[in-house]
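These notes are about the structure you will find just below.
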Amino acid sequence: MYHKEKSIQIKNSASALYNNLGVLRIAPRRLTYFTVVHANVVNMVSASWDGLNYSHRQLQSKEPNVATSTSLIMQAAFCALPSRDLLVVTSQKGIQIYESDGSIMVYWHALDTPETPTAQAVFARGISAVRENYICVGISSGAILVFDVPSKGSNITLSEVLEEHKESITDMAAECSGSQECIADLVSADDGGNLCVWKSGEEFQLLNNIPGFDMSCSSVKLWKGTVVAGYGTGQIRLYEAVTGILHAEVKAHARWIYSLDIAPFSGLLLSAAEDSLVRVWHLSMTPETNSVEVAHLHNECVTDTQICGAKFCDGDGYAFAVTGYDLSEIIRYTQT
Amino acid sequence: MSVRTLPLVFINLGGEMLYILDQRLQAQNTSEDNSEKGVWSENDRRRVMNDIVGTMFNKAFMDELLKPQQLYSHRTLKTVLTRIAHASIMRLNPASMDRLYELMVMAFKYQVFLCPRPKDLLLISYNHIDTIREFVKDTPVVVNQVDETHRKIIEVYSSLSEGEFQLLRQTLLIFFQDMHVRVSLFLKIQVQNPNGRFALSTSGPVPHGTEVPGLIRTFDSKGREVRRSEFPTGGSYSSPIREGCFELHGDRIIRLGLNMYVLTSVCSRLTFLSTSVTLQTDDTPNLLAKEELNLLARLMGSMKAENKPKAETGFRINLFTTDEEEEEAGASCGAEESLFGVINIQAMQDEQAATELARIAGQFAEQQEQPENPSGNKGDDLLAMMDDL
């Protein structure tokens with residue numbers, strides 16, 4: 001179903017972090033941007049669709065004007081809002097927001113770090129664009145910061161802090177089907193496997209809290225009102241977001257899942273784990289019976305590699321890209 | 001990232017160091033050239049083990065490590081581990097210490113990489129502690145220290161969630177990133193490939209708490225299962241084996257963290273093929289070195305006084321096959337070697353130590369060309385450990 005394409009070489013290897021691959025497709029310029037985190041650096045590659053041009057850039061996580069303060073980065077992700085695309089980088093020190101090509105930092109938010117380290121680590125992790133103008137970022141305390149983003153310029157403001165989760169946020173995702181009918185806009189996941197479902201607005205509203213089972217949910221997606229969650233046990237669960245009804249449970253992987261992605265136009269689901277396998281599934285909804293079907297389509301094995309990032313490169317799922325711990329390349333697959 | 005890595009790092013790296021030293025000290029007795037220089041008595045070996053384990057599991061030292069803090073750099077870790085090794089009558093040339101460090105780190109990287117569940121990092125650590133306890137079992141005072149530390153570790157880490165353990169593991173994996181030193185033992189038993197990467201199997205038992213993949217279950221709105229279907233996994237997995245014991249004593253079940261040099265009698269050599277990527281971060285000026293060295297000062301200060309033997313009675317260990325190789329490697333050590341050559345680290349909490357360490361900070365910051373330090377230790381050598389080729 002898929003075959004391997006030529007890999008893109010990156011300057012450093014990927015670190016073992018959840019959801020460690022960002023992809024942004026820029027159709028008008030026939031380019032795709034990729035981001036891969038390595039310790040305290042974000043490797044950015046801009047790849048032209050004809051496969052002839054690659055340009056690289058590296059971003060460091062640091063406070064502006066402070067020379068020595070680099071810290072480990074937890075995640076880098078693109079936020080595609082209707083008015084603009086931005087790149088968000090979260091670290092132990094804070095949150096940086098850049099223009100999507102990484103050229104200019106437009107916003108910096110520092111985390112409250114105590115003088116002497118406490119038993120709990122401090123960091124930001126979990127990034128999502130929501131609706132027209134919000135970017136949400138999770139914190140190790142379980143709080144979620146909601147930023148209001150203007151259509152241009154750097155006047156980004158912290159609009160709200162959502163305090164519902166008691167454990168560190170692992171991942172967040174916005175409804176990606178494009179449908180305006182869906183009530184739920186955002187789902188957030190934490191280290192205990194708890195899922196919170198939100199409706200966005202001037203004040204975000206908690207629609208549902210789906211309890212976990214004491215196992216970290218490392219990656220989450222929201223599509224057509226269905227939450228798709230990947231866990232440390234290698235399980236994938238599908239819940240109806242607003243009601244919390246469990247639609248399906250898949251014993252998908254033999255090790256910790258690190259990344260999930262959905263191609264919104266086709267309903268293809270991508271899952272990747274430390275067991276070195278990437279799997280492609282198909283989700284289909286039957287609104288009449290309120291059920292969701294999961295069908296397995298394809299496997300790819302990246303030999304001897306613990307995969308840390310996997311994303312579709314387009315809305316149909318025609319191609320996908322994969323990163324692995326200690327690997328200095330972005331591996332690509334395209335449909336045959 | 002995780003602020004709880006240090007105690008586990010020292011226990012596991014220290015454990016690997018002891019496995020290697022124990023193996024080297026024993027190999028000494030089978031030296032082919034029959035020279036007097038090559039012999040370590042049973043007493044000497046026990047003494048070395050007791051001294052090192054006693055220093056590593058020293059209460060003040062462990063208490064310092066148990067404070068929540070970020071992971072140190074490779075350079076700092078190597079310094080502290082050298083200090084621990086030199087708490088015994090044994091001496092390591094900087095080049096040998098470098099090699100020893102690489103071996104230790106690659107072994108630990110292998111264990112962390114293949115750790116079935118993040119929580120199993122504890123079982124790996126307990127495997128190291130169990131074996132260490134065996135090394136010093138004839139000295140109750142030291143066994144006590146080991147037990148005390150073990151109890152503290154159980155106390156601190158038992159309450160961590162799987163997610164926090166995974167964060168700890170991810171922090172360690174970042175620390176080991178890009179290290180692909182080939183270790184002949186690992187190559188021989190095929191846990192490592194010729195390109196330096198570890199083999200990851202797609203068969204075998206799944207970790208405890210995970211179910212064998214291959215099943216899709218669908219439910220109705222009332223929670224009743226309406227459909228089951230299977231899918232091909234591309235691997236051949238089996239049910240998990242029983243969970244290991246997290247108490248002070250017990251069967252840990254998993255094998256990672258046990259003494260591979262003993263288990264695999266296949267290979268008694270510790271030769272190296274080529275080194276690959278060196279630790280890049282060590283070459284660039286570390287702007288946070290001063291902060292780390294303050295931590296280092298506190299750590300050293302909490303360790304017991306250094307055993308300073310007279311030069312004539314010091315025993316030297318060489319991790320290379322010949323003295324010539326060690327010299328060559330030593331000559332190419334560059335800046336770091338003269339660092340070792342000049343410093344005389346005292347384990348005393350005093351002004352002098354603090355100033356000394358501040359001076360080290362200065363040396364870290366400037367990466368100048370250091371004059372080569374020709375192996376002046378040659379005259380002090382009482383032992384040359386010859387490996388059989």
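Here is how names work: the chains are called A, B, and so on, in the same order as the sequence lines, proteins then strands, and each is numbered from 1.
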TODO: Applying side-chain contact (heavy atoms from CB on, under 4.5 Å), run through A:W256 and B:E162 and close with a yes or a no.
DONE: CA-CA 11 Å; A:W256 206 283; B:E162 274 283 25; 4.1 Å; yes
Which portion of [X] sits near chain A, non-hydrogen atoms under 4.5 angstrom:
X: B:P232; result: both
X: B:V156; result: neither
X: B:T202; result: side chain
X: B:D220; result: backbone
X: B:K109; result: side chain
X: B:R227; result: side chain
X: B:F198; result: backbone
X: B:L167; result: side chain

TODO: Verify the distance criterion only: is there a donor paired with an acceptor across the side chains of B:Q177 and A:S13 at less than 3.5 Å?
DONE: yes
Open item on the list: Once salt bridge (charged side-chain N to carboxylate O under 4.0 Å, His left out) is applied, do any residues pair with A:R125, and if so which ones, sequence neighbours excluded?
Closed with: A:D191
- [ ] Identify the residue among A:D326, A:T303, A:T305 that makes a side chain to side chain contact (heavy atoms under 4.5 Å, CB included) with B:R197.
- [x] A:D326
